[in-house]
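Comments concern the structure below.
What's counted below: heavy atoms across the whole structure, side chains too, no hydrogens, waters or symmetry copies.
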Amino acid sequence: GPRPLYDARRAIARARAMCGRGVYQLGTGDIDSDGDDPRDCFGFAVCELFGIKRHRPGFNRGSWATVSDDLNCNSALEDAHHGGELFAIVTRPEPGVLLAYPTIRLPGHERPWIGHIAIVVSAIRALEWDSSRPDYSLLDVVHCHGPDGRRPGITRGDGSPMNLHDHNWPKPENRTWMLRVLP
């Protein structure tokens, strides 16, 4: 499929420029989202910032896949672990890296716990990084987050929501991963 239109440096600049804008709406956002259009975390942090179309026929196909042909947190993580078409796992944070955790579905629960993704815009406070015990609060991120209808949806903060997620969901298959978008 097509390669990303923008590199990490441009994605970071675009993320910073969008802080304080946008409306969060789960399941929305794509390569052409702009201004105050609705978008979710993935539509913003990957599709819009890196210029990658959300619908991608043939993407993430395999026995491991929970989502194929479309981009979201699960398909990105699965691609990084299995195919490596668009995403790769990294162990050291740096600007342009994505922090992502998957959607979690549990038997007996009607609603899933939705995944999330954010872009790292600075890692200057992460001088001594322990990849076996990452502290995402040391990273400055920009992300689009809810609840649905939140204005502004796009904000800047630190990665501490990922720490909380990993504390609440400690199983390896549910944890936060750092991803790089492949050129």
query: Got F59 and D70 here, is their nearest side-chain heavy-atom distance under 4.5 Å?
result: no
field: Any side-chain heavy-atom pair of I114 and D40 under 4.5 Å
entry: no
query: Any donor-acceptor pair under 3.5 Å linking the side chain of S75 with the backbone of S68?
result: no
- line: Minimal heavy-atom distance between T28 and R54, with the atoms involved, is O-NH1, 2.9 Å
query: Are E85 and R3 close enough that some pair of their side-chain heavy atoms sits under 4.5 Å apart?
result: yes
- prompt: For I124, does the CD1 atom sit with more than 12 other heavy atoms under 6.0 Å from it, leaving out its own atoms?
  reply: no
field: Distance, nearest 0.5 Å, that separates OG of S63 from NE2 of H82
entry: 7.5 Å
- prompt: Do you know which two heavy atoms are closest between R150 and T155, and how far apart they sit?
  reply: NH2-CG2, 3.6 Å
task: Answer yes or no: is there a donor N or O on one side and an acceptor on the other, between the side chain of E48 and the main chain of G29, under 3.5 Å?
output: no
task: Quick one: closest heavy-atom pair of R105 and P112, and the distance?
output: CG-CB, 3.7 Å
- request: Can you measure from OH (Y101) to CH2 (W169) and round to the nearest 0.5 angstrom?
  value: 10.5 Å
- request: Compare all side-chain heavy atoms of F50 with those of L98 and state whether any distance is below 4.5 angstrom.
  value: yes
message: Please report the interatomic distance CG(N74) to CD1(I117), rounded to the nearest 0.5 Å.
response: 10.5 Å
field: Inter-residue atom distance R111.CZ - H109.NE2, 0.5 Å rounding
entry: 12.5 Å
- prompt: With side chains defined as the heavy atoms from C-beta onward, is the minimum distance between I89 and L179 less than 4.5 Å?
  reply: yes
- prompt: Nearest heavy-atom pair of N174 and D166: which atoms, and what distance?
  reply: O-OD1, 4.5 Å
message: Using 0.5 Å steps for rounding, measure from the CG atom of D30 to the CZ atom of F44.
response: 14.0 Å
- prompt: According to a 4.5 Å side-chain heavy-atom criterion applied to Ile, Leu, Val, Met, Phe, Trp and Tyr, with indirect links allowed, do F42 and I119 form part of one hydrophobic cluster?
  reply: yes
query: Does one hydrophobic cluster hold both M18 and I52, with members joined at side-chain heavy-atom distances below 4.5 Å?
result: yes
message: Under a 3.5 Å distance rule, please check whether R39 uses its side chain to pair with a backbone N or O of D37 as donor and acceptor.
response: yes
Test item: R151 side-chain N/O and D36 main-chain N/O as donor-acceptor pair under 3.5 Å: no
query: Nearest heavy-atom pair of G115 and C73: which atoms, and what distance?
result: C-SG, 4.0 Å
query: If you look at every heavy atom in S33 and P38, which pair is closest and at what distance?
result: OG-O, 4.3 Å
query: Do D69 and R61 sit within salt-bridge range, that is, some charged N less than 4.0 Å from a carboxylate O?
result: yes
Whether R16 side chain and R156 backbone form a donor-acceptor pair below 3.5 Å: no
Any side-chain heavy-atom pair of F87 and V46 under 4.5 Å: yes
Within one Ile-Leu-Val-Met-Phe-Trp-Tyr cluster: W177 and V141, side-chain cutoff 4.5 Å: no
- request: State, with a plain yes or no, whether a side-chain heavy atom of I104 is found less than 4.5 Å away from one of H165.
  value: yes
- request: Tell me, please, which residues at least two apart from D34 pass side chain to side chain donor-acceptor pair (under 3.5 Å).
  value: none
field: Verify same cluster id: I12, I31 (apolar side-chain graph, 4.5 Å)
entry: no
field: Contacts of H143 that satisfy ring-ring contact (aromatic ring centres under 6.0 Å, His included) - sequence neighbours left out
entry: H116, H145
message: Would a single hydrophobic cluster contain both L77 and M178, if residues Ile, Leu, Val, Met, Phe, Trp and Tyr are joined by side-chain heavy-atom contacts under 4.5 Å?
response: no
query: Are the side chain of D140 and the backbone of D158 linked by a donor-acceptor contact shorter than 3.5 Å?
result: no
- prompt: Quick one: are V142 and C19 in side-chain contact, heavy atoms under 4.5 Å?
  reply: yes
- request: May I ask you to decide whether D79 forms a salt bridge with R56, counting only side-chain N to carboxylate O separations under 4.0 Å?
  value: no
- prompt: For Y6 and R14, what are the C-alpha separation, side-chain angles and deciding distance, and is it a side chain to side chain contact (heavy atoms under 4.5 Å, CB included)?
  reply: CA-CA 10 Å; Y6 311 117; R14 295 176 82 209; 2.9 Å; yes
query: Roughly how far, to the nearest 0.5 Å, is CD1 of I154 from SG of C41?
result: 11.5 Å
